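Here the structure is laid out as structure tokens; the discussion comes afterwards.
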Amino acid sequence: MSLDNQVWQLLGEIEQLMQEQALWSSCAPELSVFESNEPFCIDTMSPETWLQWVFIPRMRALVEGH
């Protein structure tokens, strides 16, 4: 299995675990929370919100773009 496929699979597993634990939201946060100057938006987002709306989408975009 290629590294891209492994990363894609792991991101899917993270998403699935978050859904099982009721940490996955169907509604995007307000745009203002993305304007944080702090690492990982720690002052405006919970860790699970950051994972769902920042980390996972960016990692998927990187994998898609190789």
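Given the structure is predicted, the values throughout are model-derived calculations rather than measurements.
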Table please: side-chain donor-acceptor pairs of residues 2-11 below 3.5 Å, with sequence neighbours left out.
| unit_1 | atom_1 | unit_2 | atom_2 | d |
| --- | --- | --- | --- | --- |
| Ser2 | OG | Asn5 | N | 3.2 |
| Ser2 | OG | Asn5 | ND2 | 3.4 |
| Asp4 | OD2 | His66 | ND1 | 2.9 |
| Gln9 | NE2 | Glu13 | OE2 | 3.3 |

Show me, pair by pair, the donor-acceptor contacts under 3.5 angstrom made by side chains of residues 18-30, not counting sequence neighbours?
| unit_1 | atom_1 | unit_2 | atom_2 | d |
| --- | --- | --- | --- | --- |
| Gln19 | NE2 | Glu15 | OE2 | 3.2 |
| Glu20 | OE2 | Gln16 | NE2 | 3.2 |
| Ser25 | OG | Cys27 | N | 3.2 |
| Ser25 | OG | Cys27 | O | 2.9 |

Identify every side-chain donor-acceptor pair in residues 39-49 under 3.5 Å, counting partners at least two apart or on other chains, and give the distances.
| unit_1 | atom_1 | unit_2 | atom_2 | d |
| --- | --- | --- | --- | --- |
| Asp43 | OD1 | Ser36 | OG | 2.4 |
| Thr44 | OG1 | Val33 | O | 2.7 |
| Thr44 | OG1 | Cys41 | O | 3.4 |
| Ser46 | OG | Glu48 | OE2 | 3.3 |
| Ser46 | OG | Thr49 | N | 3.2 |
| Ser46 | OG | Thr49 | OG1 | 2.8 |

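Among Met59, Arg58, Arg60, the one residue that satisfies the side-chain contact (heavy atoms from CB on, under 4.5 Å) test with Leu62 is Met59.
Annotation for Gln52 and Pro57: closest pair O-CD, 3.2 Å, computed over non-hydrogen atoms.
Looking at residues two or more places apart in sequence or on another chain, you find no side-chain contact (heavy atoms from CB on, under 4.5 Å) involving Leu31. With sequence neighbours excluded, the residues forming a ring-ring contact (aromatic ring centres under 6.0 Å, His included) with Phe55 are Trp50, listed by chain and number.
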